[in-house]
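Taking it in order: structure first as structure tokens, then the write-up.
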Amino acid sequence: MTIKPVRKAIFPVAGLGTRFLPATKAMPKEMLTVVDKPLIQYAVEEALEAGIEQIIFVTGRGKGALEDHFDISFELETTMRARGKSLSVIENIRQQPGSPVYVRQQEPLGLGHAVWCARDIVGDEPFAVLLPDELMVGTPNFMAQMVQAYDNVGGNVIGALEVAPEETDKYGIISPGARDGALTEVTALVEKPAKGSAPSNLMIPGRYILQPEVMKILDAKEKGAGGEIQLTDAMAKLIGQQPFHGFTFNGERFDCGDKTGFVTANLALAMARADIGPAVRSFAEARLV
Ligand code: G1P
């Protein structure tokens with residue numbers, strides 16, 4: 001079996017962000033910042049560092065700020081240049097002309113549907129999916145570690161992280177088979193199992209490397225949990241037909257789709273910074289006594 005390299009990554013960014021209102025009324029939730037960088041930029045940088053070449057955004061109405069963020073800001077750059085300011089903090093965000101690629105989802109029909117909207121751009125190649133709500137911190141980063149594992153085993157490799165048993169109803173959950181280091185065989189998958197019925201506490205944390213055949217399964221537009229077209233259900237149908245592994249990331253995960261995760265990410269990343277870390281830490285220490 002030849003293992004085709006992963007060159008493309010899909011970023012589903014059409015979600016409405018209702019959990020973060022009012023912040024996300026007029027601003028895409030992917031533009032929420034952790035310290036001084038929007039969530040989407042963390043995810044795009046993770047993919048680029050992992051060797052991904054083509055960035056694909058599955059977007060929707062009201063998400064124009066995302067396109068502007070990865071473009072040239074003419075006024076800003078001209079003014080900064082005239083004032084002799086360094087442009088390094090914004091220059092490295094820009095992509096090559098023609099990239100990223102943007103496709104529209106039109107209607108919020110589920111994560112499986114969002115991924116399927118990129119089928120023509122993906123074509124007959126393996127691809128990655130990164131959910132920008134999930135901020136991952138580690139060296140090498142999560143996707144880079146996953147690509148390395150995929151280059152050995154091929155097939156489908158998805159993130160697999162343990163969560164508290166009472167949280168399993170919020171996520172896609174893996175039925176684990178044999179474990180070999182960071183890789184665990186996946187024997188079944190279930191999206192948001194009812195409380196008490198989860199096959200394990202191994203959840204899917206929004207990082208995927210998938211084979212293009214999943215798009216053909218998504219063609220059927222079958223609805224699953226919550227009446228949505230679920231990526232988890234389509235992936236489950238590949239088990240037994242293609243290699244399928246969970247990958248346990250050696251690093252830290254912040255679920256920034258959740259307020260506690262978002263605030264915690266800000267605190268952790270601020271404390272880790274050389275410039276503002278000491279001040280933030282001493283404030284936190286003083287507050288905690
Ligand atoms: C989605 C996926 C779920 C995954 C989760 C990770 O759910 O459907 O399988 O575990 O992302 O954040 P959502 O958070 O969109 O409900």
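In this chain, residues are counted from 1 in sequence order. Bear in mind that the values here come from a model prediction, so they are computed numbers and not experimental data.
Side-chain contact between Lys259 and Arg19: absent, with no pair of heavy atoms (C-beta onward) separated by less than 4.5 Å. Looking at Met203 and Arg253, their side chains come closer than 4.5 Å, going by heavy atoms from C-beta outward. A heavy-atom distance below 4.5 Å is not found between the side chains of Val115 and Tyr208. The closest side-chain heavy-atom distance from Pro199 to Val190 is below 4.5 Å. Looking at Ile174 and Thr184, their side chains never come closer than 4.5 Å, going by heavy atoms from C-beta outward. Using a 4.5 Å cut-off on side-chain heavy atoms (C-beta onward), Phe57 and Glu30 make no contact. Counting heavy atoms from C-beta outward, Leu210 and Leu238 have side chains that stay 4.5 Å or more apart. Considering only heavy atoms from C-beta on, Leu48 comes within 4.5 Å of Ile55 through its side chain.
Salt-bridge check for Glu222 with Lys237: passed, with a basic side-chain N closer than 4.0 Å to an acidic carboxylate O.
Atom NZ of Lys25 has 12 or fewer neighbouring heavy atoms from other residues, nucleotides or ligands inside a 6.0 Å radius. The local environment of CD in Glu125 is crowded, with over 12 non-hydrogen atoms from other residues, nucleotides or ligands closer than 6.0 Å. Heavy atoms of other residues, nucleotides or ligands lying less than 6.0 angstrom from CD of Glu107 number 12 at most. Within a 6.0 Å sphere centred on NZ of Lys223, heavy atoms belonging to other residues, nucleotides or ligands number 12 at most. With a 6.0 Å radius and a threshold of 12 heavy atoms from other residues, nucleotides or ligands, Asp68 has its CG atom above the threshold.
Residues Val101 and Ile72 fall into different hydrophobic clusters, defined by Ile, Leu, Val, Met, Phe, Trp and Tyr side chains chained together at heavy-atom separations under 4.5 Å. Connection of Ile173 to Leu189 is not established within any shared hydrophobic cluster, with ILVMFWY side chains joined at heavy-atom distances below 4.5 Å, either directly or through further cluster members. By the criterion of side-chain heavy atoms lying less than 4.5 angstrom apart, applied directly or through intervening Ile, Leu, Val, Met, Phe, Trp or Tyr residues, Trp116 is grouped together with Leu231 in one hydrophobic cluster. Phe142 and Ile209 fall within the same hydrophobic cluster, defined by Ile, Leu, Val, Met, Phe, Trp and Tyr side-chain heavy atoms under 4.5 Å apart, directly or through other members. Linking ILVMFWY residues whenever their side-chain heavy atoms come closer than 4.5 Å, directly or via other members, places Phe247 and Met143 in the same cluster.
The structure places CG of Asp255 at 9.5 Å from OG1 of Thr260, a figure rounded to the nearest 0.5 Å. Summarising the geometry, atom CG belonging to Asp169 is positioned 11.0 Å from atom CD belonging to Glu191; distances are rounded to the nearest 0.5 Å. Note that CG of Leu16 is 8.5 Å distant from OG1 of Thr24, once rounded to the nearest 0.5 Å. Separation of atoms CG (Leu66) and CD (Gln41) is listed at 11.5 Å; rounding is to 0.5 Å. To the nearest 0.5 Å, the span separating CZ on Arg7 from CD on Glu53 amounts to 5.0 Å. The distance from the CE atom of Met136 to the CZ atom of Phe254 is 10.5 Å, given to the nearest 0.5 Å.
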May I have the step-by-step check of salt bridge (charged side-chain N to carboxylate O under 4.0 Å, His left out) for Glu77 and Arg81, ending in yes or no? CA-CA 6 Å; Glu77 293 184 20; Arg81 243 181 237 114; 3.7 Å; yes
From CA spacing to verdict: side chain to side chain contact (heavy atoms under 4.5 Å, CB included), Val34, Phe262: CA-CA 8 Å; Val34 172; Phe262 177 71; 4.0 Å; yes
Should Val214 and Phe127 be marked as a side chain to side chain contact (heavy atoms under 4.5 Å, CB included) after you check the CA-CA gap, both sets of side-chain angles, and the distance that decides it? CA-CA 10 Å; Val214 78; Phe127 59 94; 3.7 Å; yes
Given Asp36 and Val89, is the side chain to side chain contact (heavy atoms under 4.5 Å, CB included) satisfied, shown in steps? CA-CA 10 Å; Asp36 53 8; Val89 284; over 6 Å; no
Chi angles and distances behind the side chain to side chain contact (heavy atoms under 4.5 Å, CB included) call for Ile52, Leu130: CA-CA 11 Å; Ile52 299 291; Leu130 293 95; 5.7 Å; no
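Here the side chain of Arg119 pairs no donor or acceptor atom with the backbone of Asp219 at under 3.5 angstrom. Side-chain atoms of Asp233 never come within 3.5 Å of backbone atoms of Ile229 as a donor-acceptor pair (strictly under, hydrogens ignored). When atom types are taken as modelled, the side chain of Lys8 and the backbone of Ile121 share a donor-acceptor pair closer than 3.5 angstrom. Checked by atom type and distance alone, the side chain of Ser175 never pairs as donor or acceptor with a backbone atom of Thr187 at under 3.5 Å. Using a distance-only test at 3.5 Å, with no hydrogens or angles considered, a donor-acceptor pair links the side chain of Lys63 to the main chain of Gly15. Listed for the Arg179 side chain is no donor-acceptor partner under 3.5 Å among the backbone atoms of Glu185.
Nearest heavy atom pair, residue Ala265 against residue Cys256, reads CB-SG, 3.8 Å. Scanning all heavy atoms of the two residues, the minimum distance from Ala270 to Val35 falls at N-CG2, 3.6 Å. When all heavy atoms are compared, the tightest approach of Lys37 to Tyr42 is O-CE1, 3.2 Å. Nearest heavy-atom pair, Leu218 versus Gly112, reported as atom, atom and distance to 0.1 Å: CD1-O, 3.4 Å. The two residues Pro193 and Ala198 come nearest to each other via the heavy atoms CG-CB, 3.8 Å. Minimum heavy-atom separation, Met235 to Phe244: O-CE1, 3.4 Å.
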Listing, residues 144-151 side-chain donor-acceptor contacts under 3.5 Å, not counting sequence neighbours, or none:
unit_1 : atom_1 : unit_2 : atom_2 : d
Gln145 : OE1    : Asn250 : N      : 3.1
Gln145 : NE2    : Pro140 : O      : 2.8
Gln145 : NE2    : Asn250 : O      : 3.2
Tyr150 : OH     : Lys4   : O      : 2.6
Tyr150 : OH     : Gln211 : NE2    : 3.4

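Partner of Phe20 under the side chain to side chain contact (heavy atoms under 4.5 Å, CB included) criterion, chosen from Leu32, Asp258, Asp133: Leu32. For the side chain to side chain contact (heavy atoms under 4.5 Å, CB included) with Pro205, the lone residue among Thr248, Val163, Leu161 that qualifies is Leu161.
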